[in-house]
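By convention in this document, chain letters (A, B, ...) are assigned in the order of the sequence lines, proteins followed by strands, and residues within each chain are numbered from 1.
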Amino acid sequence: MAMSKIGEVVLEARGLTKRFPGVIANEDVSLKVRSGEIVALLGENGAGKSTLVKMIYGLYTPDEGEIFVKGERVKFHSSRDAIKAGIGMVHQHFQLVPVFTVAENVILGDEPRRWPFVNMKKARDEVARLAEQYGLQVDVDAKVQDIPVGAQQRVEILKALYRKADILIMDEPTAVLTPQETNELLKVMRGFADSGVAVIFITHKLREVLTVADTIEVLRGGKSVGTTTPGESDQASLAQMMVGRSVLLTVDRTPSKPGEVVLDVAGLTADNNIGLEALRGINLQVRAGEIVGIAGVEGNGQRELVEALTGLRPSTSEKFTIAGLDAAGKSPHDIHEMGVGHVPEDREKDGLVGPYSVADNLVLNRFDEAEFATRGVRNRAAVATLARGLVEQFDVRTPSIETTVESLSGGNKQKVVIARELAADPQLLIASQPTRGVDVGSIEFIHSQIVAARDRGAAVLLVSAELDEVLGLSDRVQVMYDGRLLAELPGEEADRDRIGRLMAGGDA
Amino acid sequence: SSSTDETATETATETVAEETAVEEEVVAEDAAAAVTADDSNCAAPENYCIGLVTDTGKVDDKSFNQAAWEGTLLAAEKLGAFTKYVETTDPKDYANNISQFATKNYDTIVTVGFLMAEATTAAAAEFPNVNFIGVDQFQGAPIPNVAGLVFAEDKAGYAAGYLAGLMTKTNKIGTALGTDTVPPVKLFGEGFKKGALDANPEAEVTLVYHEPNNAFNDPEWGAAESRKQLDQGADIIFAAGGNTGNGGLIEIAKDPGAGTTVFCIGVDIDQYFTVPQAQKCLLTSAEKKLVAGTEELVLLSADGALPSGNFFGQTGIAPFHDTEAAVPADVQAKLAEILEGLQAGTIDTGCPACLDN
Amino acid sequence: MSVTDPSKTDLGFSDPDPQRGGPLGRLPSIVLPIASVLIAFAVGGLLIWLQGVNPFYAYWVMFSTALGTPEGLLRVMEKSTPLILTGLAVTVGLRAGLFNIGAQGQLLAGAIGAAWAGYAFTMPLAFHIPFAMAFGMLCGAAWASIAGVLRAYRSVSEVITTIMLNSIAIALVDYLASKPFKEPDQPISRTPEIAETAALPNFGAIPTGFVLAILVALFFGWFLMRTTSGFRFNTVGLNSNAARYAGISVKRTIILAMAVSGALAGLGGAIETLGVTGRFEPAFNAGLGFDGITIALLARANPIAAIPAAILVGTLRSGAAALQFETGIEPEVVDVILALTLLFVAAPIVGRFLFRKRNIKTTRVTSGWGS
Amino acid sequence: MNARWAYILGGFIIAGIIVSYAMDANRTESVLSFSLRYAVPLILAAMVGIICERSGVINIGIEGQMLMSAFAGFFGAALTGNLIAGAMIGVGTGMIMGAFLAVGSVTWKMDQIIAGTIINILATGLTSFFYAQGYVLPGVMPTVAVPLLKDIPLLGPVLFNNGLYTYAAILIAVILWVLLFKTIWGLRTRSVGEKPSASDTSGINVPRTRFINVTLAGGIAGLAGAYLAIEAAGTFERGFTAGRGFTALAIMIFGAWNPLGAMFAAIFFGLTQGVASQLQSDAVFEIPPQFVNMLPYVLTIVLLAAVSGRVSPPAAVGKPYEKD
Ligand SMILES: Nc1ncnc2c1ncn2[C@@H]1O[C@H](COP(=O)(O)OP(=O)(O)OP(=O)(O)O)[C@@H](O)[C@H]1O
Ligand SMILES: Nc1ncnc2c1ncn2[C@@H]1O[C@H](COP(=O)(O)OP(=O)(O)OP(=O)(O)O)[C@@H](O)[C@H]1O
Ligand SMILES: [Mg+2]
Ligand SMILES: [Mg+2]
């Protein structure tokens, strides 16, 4: 890319090592970033990417190694020091206060003041001006909890810009963005670099890396495994570097053989959390042996749809049957009993009980079934047997089935959820963002498992903001916009442009 | 924090709590040289030992536990006896606390509070050689080795109420009382009301009881309630209910009219000494002469003349102290007459029938 | 075993080194509380010494009278019984993410309920005891359920409602004992004595109630670890969102947990009435519910650990009277010792000192306002 | 509490007060004075809860903090012979108790409810153990009437003729509201209580913020204790805080963690107490006093059930902050 603008080395890490109880998260990792350069950090889940940048941002103290900023050796005691040194960071998990407004979030920690008061007017003006300048559209007075994730991501970036960062770290900023939003963000990022900012960019999406990065650093198991550039590499070679073996990047699947209608919904309506109509009459059918994908920008009712279908949210409908049985008004427990598996979009919050063992999480919704309990007493041996089998089958990387699930990496947590839902051999699988934040190796695996479930005759409803995922897996695709399902396209014919337009609310 | 010092015992005859400001002493043993040194050999005839078990609460509660202990100390000094106390923290320990003394061959055991009546009776049966004095414990069928020290609280209340009825200028008389589920409190309250109305049929007397939770240990409520009634025109308030009432007394004493136009009345013992902050407004206290009664019974017991059954202690009202000048002579005269009538039993206080409403 | 052992993971004692395996790895969970108790006693001893009394003598008096004589043992057992049960009541709530401050009110409800069932009916012993006990539990459960239902359906914090319900319960039982249930012809507010057929007998020298309380604690240890219902409690307590997604009815679980918690406190009250006091008398049950909070926290919400914790509290409270009798030290010293024990068990200081490790993970027992 | 409900309820109460004032001015004034007076320690204690919880720390030890400070304040005043010195000793003791909670919950990352419970037990034990009788306050704090304002009908005698503590309580509530919602300290404090990791990454020192706030809040608990001993009761007695620290927590929640909301909630609670005792003294109905006395508690539960479900505590409250 535009190599010409790249200047001096502004950030250098030498031989950084960081150990956590039982893991070496980083071992002798070195990194150089120049002004105007975008360095992409690649690596599997748990490779140590976040740890590396957290040390640079002063959140962790390295056990060994040194960090230099603009040629000077620095020792940060907190992020405050890093901010002072001109480093900004956009975090993998949003670091925003949900009940604060956008402006309040941006200025937090560096408030314009009219002592001792916060000069709120100045704050709002300043944030609005910044947003304008960098083309990051936000409503400064909206509460962060009320705005879509894409906008929250922009707030995160504004926070860093507001602090005048000339070294900007972005940890998986695109994980929750739609394709359009991602493209916008990549452009903004390029703009930063062109104006002299040094950018460290972490992502699992190889396409993005190849589009925007100047230099690519790959980590594996906490160690540097090499540096390359987009010119010298392609998706396959990068994936190989990360995982240490070759990875299938497209889903390998045969044409579907749809059977009986399993999920049959007509005229489904439901409200969102603040009482506004979120589903405006959904008509949807999913047959056994097919994958129906729902594409759409997040916040158009996907969450409510999935919750209504799984009994978690009250809804009204003209028709709502699962395998011919009436499912309207049933509890989540009843719906599960009807043979429905559900992969919730937020695995940490909704899908898992952190302090429970892997084994218990693997039976979280089946613990009281006859197989795992007799007259109300749990059969722990049966649970253990199942867990051992699933850990093996789904390649969950865990020290043991007794390990608490909160200590696993994101990808492995996701595998636990997928394993649990597929192990019950569901008639209908509802999978919401099944590969969010998961590395390429695990994505490959999860995708193959979903296809395998389809091939065993399960009806699959796939909801994803990841267009590649929807297109790659689905036999039929529907686009969700503003509480409605717009058009139905057979998987093969669906093309990105057309779907992109539909997602944005345009005509097909 | 027992309050047992030689100096205290000497002067405690009238001033129940004078000695309370004295340094704390760890062990509740009387240090006077004349008395038995310890309780290791209470069985010996020359060693006289007196034990006291408090009701839940402390021996320095400025109330009945303390008064009973003062009386015991006075008697012990006269007898050259050894004495100590145990404080009950859980009512279920009554029996055990009593038997700690009994098994050590104490000669007389004072148990304080009507809740301990049953435990006392049971212990009396188990230890027939020990004499028991049950303070505030009404005896149904007399037991040879138990004397119940009881008081007609309604009479003390009546007298105090009568005085209030004569003294009020606003014809409004208030009260801030502990909970009415404790009979002595109710007797004081109802007697007070009857007395006030008998003296002054025009008067308005309000009875306000604290909720049972923390009834005797909420001085802030006592203060706030008293203040409220003062604001509503009451000029004499009967604050009766342990620390709750004491809070009321202290609050009333803060009033600019305290001692001239506004008065307070204490309860149980002469609160001129137990709540010195209230001296300014304290007209009198509706007294049950616990100290004297306990002392007398302990002495009788040591004399081998324990009066089994009920022993009626004196009730009455405490001296006016600082407010003497504010009480006209005719009021004082009338009051003396009433006290005589009460003593003679010619005055109907409406109680104990009053307990039933 | 495979299934999460809650005492090991979320609610165990501070474990100085989670990586360390084998029998030594579990050692600290026993060593730590014992060390904590000892240090608390040492500090308490200082207090005693400052009052001019030999602390060794003081403790010897305390323990020899509490544990060294048959009557002392009996009293310790009697005192520990309601404490085990209120400790369990608070524990069960904590496990389901509820902070039940209302064990006191629930215990009172159970105590007066059992008293009424005990005196107002005549029936054979084989029925009367279970009936009175069950009725007491029901009263406790019903009283707690008010808080449970309000929490489940109206999102009212159970912390507030149980505080308020305590005050209401105290006033209510006071009314009942002084008016409708009052024993006639005597001045004290109390119910008549329960029928002989309702009185809990002793197992030789051991009170039936004590045995019962221990069995109940063991049962709840098993219940929370091994049963499906216990699993529901734990799941709702640890992550109510995930519980909902997994098909557990959170509302139902909350109400059930609160009712069970109340029933346990109610049982504590019932045993007090049927086994110790023989009637209901308002003053006789003071403070038991609040000690339950201390015990649950000392036991780190582990039902089985509630047994030794309650016995410790019971022993100290029981020995306090002898302490004062023999040495003049005031019984409040027990509160100081308890507070210090709790401090040393919960704070990482003792562990750090004992195991010379900096990274002691302190564990959380409670979950904020249960939301 | 839901704002609409608060307005409706407030409207009813004000209407009731006006009607009652028209019927009997003196009685209304005295009941309202009672309410305010009863509310003072509750307001102060609720502010302690609000500061701590807004910073992410549960303070269930307010009761113990008040008791300890009341003890120190009372004996401080009695021994120094100076009421102001006593109050300052009380506040200082409160801050020490606050620091204790801060060390436990912030530095040691202990379970916060355990840390608070320890304070409560310790305070009960120590103040009882070292209690001594026979000490008397050296005097009485003056009542300060605000010129002019005190002559407003109804409001004047109730609001503008009080002791210093009462003005302090109201002032602290108002100032705390401004501090929390308008100042830099407030913004940072709230962020620490809602999402400490966001504060941390914004360069705010989470443990330090929590430590300082919890310690300072202890000072307010100290003021509440000093008020109880030095002004309200004029004495110290064992356990005489009588559960007010717990009631204050309920009031804090009732007031939706908002200082002004909590102040009104406390006054409302005081009002129910005042009305309850007035019903008794007027003896208009033949209800057993126990039932009248239940009124404040029952009413609080009923009202919360009617209006709740809209407020939630600061998101991070109760959770020790660990960098992840
Ligand atoms: N605070 C912590 N305590 C203990 N272990 C940690 C901590 N943070 C990270 N680790 C471990 O360190 C390793 C590296 O984690 P890190 O978060 O850096 O991975 P990552 O490359 O960012 O992964 P992902 O792609 O999932 O974000 C993992 O094994 C992780 O479990
Ligand atoms: N809290 C709850 N949430 C959801 N479902 C529940 C809950 N409690 C019980 N159930 C379900 O209700 C049915 C009957 O309830 P019951 O209390 O008898 O269950 P149980 O006996 O504890 O469990 P099991 O059915 O495993 O023996 C069961 O199907 C059980 O799974
Ligand atoms: Mg990461
Ligand atoms: Mg069953």
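- Contacts between I163(C) and chain D at a heavy-atom distance below 4.5 Å involve the side chain alone, from C-beta outward.
- For chain D, no part of I170(C) is nearby; none of its heavy atoms comes within less than 4.5 Å.
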Verdict with supporting geometry, S261(C) and N100(C), side-chain hydrogen bond (donor to acceptor under 3.5 Å, both in side chains): CA-CA 8 Å; S261(C) 176; N100(C) 178 10; 2.7 Å; yes

F264(D) and F268(D): ring-ring contact (aromatic ring centres under 6.0 Å, His included), yes or no, with the steps? CA-CA 6 Å; F264(D) 288 120; F268(D) 170 76; over 10 Å; no

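- At least one side-chain heavy atom of L47(C) sits under 4.5 Å from a side-chain heavy atom of F130(D).
- Proximity to chain D (any heavy atom under 4.5 Å) is shown, for T341(C), by neither the backbone nor the side chain.
- Under the 30°/60° scheme for interplanar angles, the aromatic rings of F291(D) and Y175(C) are found to stand perpendicular.
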